[in-house]
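One structure is given here, and the rest of the page talks about it.
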Amino acid sequence: MKTSTLLKRAIKTASFLTILLVLISFENEKPIYLPNTTIPGIQQNKDTHILLTVDTKTINENNINSKVVFSDDRSDPTTNPGNPETFTSIVDKNMKVYWSAVPKDANSTDTVDVLSIYRKPEGGAEILEATFKDPNKDGIIIGKIKNKKVNGLELYSVLIRINGDTIKTFLVDPKLQMGG
């Protein structure tokens, strides 16, 4: 009889310890997320594509901010107007940002190239790690975003070239901000 009671207690204890180990192992597991899947309530990092639409016919040094309109695939145009001085693009850490440009008139024979991106001397936060020309397409610049959370705005300049009847270059000054 003592052996039977002792055996029952051993089984109960072993069962209890097994259940405890299983619960502890589930507690330490991290969920597995597959790439390119959407998980409700969780925002995934993504690249940002910035487009400059340029009025190539009437732009000059005095009206740059009214003749270059910024847009991107992350902003709400009603809360983030396209004026370069006030335009801020949201970027995510460890992702890329792409700059490209087009003429305002879709029938124009002019082309617009983004030549380079410059950090302004009073640049603020350092969000961009590096910039380089797109090896697959002329007139596009790619920026690599740092792999750490950076607070604040980075002030930068975009050098564009209009290839039309005459070649003209202009510098416009938008901003970057890292998303949450």
Verdict with supporting geometry, Asp55 and Thr58, side chain to side chain donor-acceptor pair (under 3.5 Å): CA-CA 6 Å; Asp55 185 344; Thr58 61; 2.8 Å; yes
Search all heavy atoms of [X] against all heavy atoms of [Y] and return the closest pair with its distance.
{"X": "Asn60", "Y": "Phe170", "value": "C-CE2, 3.7 Å"}
{"X": "Thr131", "Y": "Gly143", "value": "CG2-CA, 4.0 Å"}
{"X": "Ile141", "Y": "Leu115", "value": "CD1-O, 3.4 Å"}
{"X": "Glu61", "Y": "Thr169", "value": "OE2-O, 3.7 Å"}
{"X": "Lys93", "Y": "Asn45", "value": "O-ND2, 3.5 Å"}
{"X": "Leu176", "Y": "Ile127", "value": "O-CD1, 3.6 Å"}

Please round to the nearest 0.5 Å and tell me the distance separating atom [atom1] of [X] and atom [atom2] of [Y].
{"X": "Ile64", "Y": "Leu171", "atom1": "CD1", "atom2": "CG", "answer": "7.5 Å"}
{"X": "Lys144", "Y": "Asp47", "atom1": "NZ", "atom2": "CG", "answer": "9.0 Å"}
{"X": "Leu153", "Y": "Ser89", "atom1": "CG", "atom2": "OG", "answer": "11.0 Å"}
{"X": "Lys67", "Y": "Ile162", "atom1": "NZ", "atom2": "CD1", "answer": "11.5 Å"}
{"X": "Gln44", "Y": "Met95", "atom1": "CD", "atom2": "CE", "answer": "9.5 Å"}
{"X": "Lys104", "Y": "Ile59", "atom1": "NZ", "atom2": "CD1", "answer": "11.0 Å"}

Is [X] salt-bridged to [Y], cutoff N-O under 4.0 Å?
{"X": "Asp173", "Y": "Lys120", "value": "yes"}
{"X": "Arg161", "Y": "Asp113", "value": "yes"}
{"X": "Arg119", "Y": "Glu154", "value": "yes"}

Going through the distances and angles, do Lys146 and Glu126 end up as a salt bridge (charged side-chain N to carboxylate O under 4.0 Å, His left out)? CA-CA 8 Å; Lys146 289 187 174 183; Glu126 291 185 33; 3.7 Å; yes
In one Ile/Leu/Val/Met/Phe/Trp/Tyr side-chain cluster, 4.5 Å: [X], [Y]:
{"X": "Val68", "Y": "Tyr98", "result": "no"}
{"X": "Ile90", "Y": "Val69", "result": "no"}
{"X": "Val112", "Y": "Ile142", "result": "no"}
{"X": "Leu52", "Y": "Phe87", "result": "yes"}

Give the C-alpha distance, both sets of side-chain angles, the deciding distance and a yes or no for side chain to side chain donor-acceptor pair (under 3.5 Å) between Arg74 and Thr48. CA-CA 7 Å; Arg74 307 277 306 271; Thr48 301; 3.1 Å; yes
Step-by-step side chain to side chain contact (heavy atoms under 4.5 Å, CB included) determination, Glu122 to Leu155: CA-CA 7 Å; Glu122 69 282 8; Leu155 310 176; 4.0 Å; yes
Neighbour count >12 (heavy atoms, 6.0 Å) for atom OH, Tyr118: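 Result for OH/Tyr118: open.
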For Asp110 and Lys57, what are the C-alpha separation, side-chain angles and deciding distance, and is it a salt bridge (charged side-chain N to carboxylate O under 4.0 Å, His left out)? CA-CA 9 Å; Asp110 295 345; Lys57 298 299 180 203; 3.2 Å; yes
Compute whether any side-chain donor of one residue and acceptor of the other, for Asn163 and Lys168, lie under 3.5 angstrom apart. no
With ring centroids as reference points, do Trp99 and Phe70 lie under 6.0 angstrom apart? no
What's the verdict on side chain to side chain donor-acceptor pair (under 3.5 Å) for Asn94 and Lys148, showing C-alpha distance, side-chain angles and the deciding distance? CA-CA 7 Å; Asn94 203 32; Lys148 64 179 182 179; over 6 Å; no
